[in-house]
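Inspection log for the structure reproduced underneath, given as structure tokens.
Reminder, nothing fancy here: chain letters follow the sequence lines and each chain counts from 1.
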There are 2 protein chains.
Amino acid sequence: MIKDNLKKYVLLDDCPVRNVLDRVGDKWSILVISILGEGGTLRFNELNAVIGTISQKMLTVTLKTLEADGLVSRKIYPQVPPRVEYTLTPLGESLLPAMSLLVDWAMQNMSAIKASREQYSGRKELV
Amino acid sequence: MIKDNLKKYVLLDDCPVRNVLDRVGDKWSILVISILGEGGTLRFNELNAVIGTISQKMLTVTLKTLEADGLVSRKIYPQVPPRVEYTLTPLGESLLPAMSLLVDWAMQNMSAIKASREQYSGRKELV
DNA sequence: CGGCATCCCTTCCGATACTG
DNA sequence: CAGTATCGGAAGGGATGCCG
């Protein structure tokens, strides 16, 4: 059932599935969306501090992309020094359930996957 | 709720969430898993033909990775010319529901995302 | 038929330095 | 504080050619 729909869309130049999954697949989007999903509204440096290991550049790029996609909204307070707050839009929030399911699956099956990888790499070394 | 768990795992060196999401996020894995999810068992060149636009190299790499992760099983028939069949493992099948949810979300919200992107890029051109 | 090896171009992403 | 700009290494991925 999925296949035909999926193939039809995935192979398009502006494939929606791929477009979305590009966000899911990149290094920081899921983490940012999840943090905003729980934290509500956060400032740039709060996000930076919570994540801890992200570079300023990638946080900027990630947020800009999510904003362009309409998943995150950006509010600027015209102060000096500036204050910028980020929040999930309703569209962004609607993505949370699907993401959670995937994250849960990942955490539940990580040990099986890890074991499989070790077995697989072990196979090679025996040759 | 997600945040702490997610942060704890996502920032590890061998983060399980990222490891799994790397499969979901790469260019072909979702398509291959979905096709096998519907098609049952397929040969290498059948997959190649169904997808149509994938390079042989990437199909090989994708299948090898999925096999290493234990999501896809590979069966070789010792013939000449060789016959190799691919099937989802139970672990691979258990990923289908989460993937479907994400794919459904993508297809339902693609127009909203596209519209948002156009509006966002329009903003810049006006500056 | 079902790969693997190589080349090469593009994109990702971190580090660093600078700005309103 | 919240960015922008630039550089360079690393990874992704297509095209091609060879092989059991």
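For the segment residues 67-82 of chain A, the set of residues with a heavy atom within less than 4.0 Å of an atom of DNA chain D comprises A/Arg74, A/Pro81, A/Pro82, in numerical order. Remark: A/Arg43, A/Phe44, A/Asn45 in residues 41-48 of chain A come within less than 4.0 Å of DNA chain D through at least one heavy atom.
In this structure, A/Trp28 CH2 and A/Ile51 CD1 are separated by 6.5 Å, a value rounded to the nearest 0.5 Å. The line from CZ of A/Arg117 to OG1 of B/Thr65 is 8.5 Å long, rounded to the nearest 0.5 Å.
Not counting sequence neighbours, the partners of A/Asn109 by the side-chain contact (heavy atoms from CB on, under 4.5 Å) test are A/Trp105, B/Leu91. Remark: B/Arg23 engages B/Asp69 in a salt bridge (charged side-chain N to carboxylate O under 4.0 Å, His left out) (not counting sequence neighbours). Evaluation of the side chain to side chain donor-acceptor pair (under 3.5 Å) rule for A/Thr87 yields A/Thr41 as partners, not counting sequence neighbours. In this structure A/Arg74 satisfies the salt bridge (charged side-chain N to carboxylate O under 4.0 Å, His left out) test with no other residue, sequence neighbours excluded. Partners of A/Glu85 under the salt bridge (charged side-chain N to carboxylate O under 4.0 Å, His left out) rule, at least two apart in sequence or in another chain, are A/Arg83. Looking at residues two or more places apart in sequence or on another chain, you find a side-chain contact (heavy atoms from CB on, under 4.5 Å) between B/Leu21 and A/Ile30, A/Leu102, B/Val17. Here A/Lys75 pairs with A/Tyr77 under the side-chain contact (heavy atoms from CB on, under 4.5 Å) rule; sequence neighbours left out.
At least one donor-acceptor pair under 3.5 Å links the side chain of A/Thr60 to the backbone N or O of A/Gln56. Using a distance-only test at 3.5 Å, with no hydrogens or angles considered, no donor-acceptor pair links the side chain of A/Thr62 to the main chain of A/Ser29. A donor-acceptor pair is defined here as one N or O able to donate and one able to accept, closer than 3.5 Å; no such pair exists between the side chain of B/Glu67 and the backbone of B/Lys64.
Linking Ile, Leu, Val, Met, Phe, Trp and Tyr whenever their side-chain heavy atoms come within less than 4.5 Å leaves A/Leu101 and B/Val103 in two separate clusters. In the hydrophobic clustering of this structure, B/Val80 does not group with B/Ile76; members are Ile, Leu, Val, Met, Phe, Trp, Tyr whose side-chain heavy atoms approach within less than 4.5 Å, directly or through other members.
Once you apply a 4.0 Å limit to the heavy atoms of chain A, the touched nucleotides of DNA chain C run 5' to 3' over C/dC13 to C/dG20.
Taking five base pairs at each end of the helix from C/dC1-D/dG20 to C/dG20-D/dC1, the local helix axes there meet at an angle of 40°, rounded to 10°.
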For nucleotides 12-16 of chain D, give me every protein contact, N/O to N/O, under 3.5 Å, one pair per line with atom names.
residue : atom : partner : partner atom : Å
D/dG13  : OP1  : B/Lys27 : N            : 3.4
D/dG13  : N7   : B/Lys57 : NZ           : 3.3
D/dG14  : OP1  : B/Lys27 : NZ           : 2.7
D/dG14  : OP2  : B/Ser55 : OG           : 3.4
D/dG14  : O6   : B/Lys57 : NZ           : 2.4

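A side chain to side chain contact (heavy atoms under 4.5 Å, CB included) with A/Leu88 is found for one member of A/Ile33, A/Leu71, A/Val32 and no other, namely A/Ile33.
Among the protein residues, B/Thr60 comes within range of the sugar-phosphate backbone only, with heavy atoms under 4.0 Å from sugar or phosphate atoms but none that close to a base.
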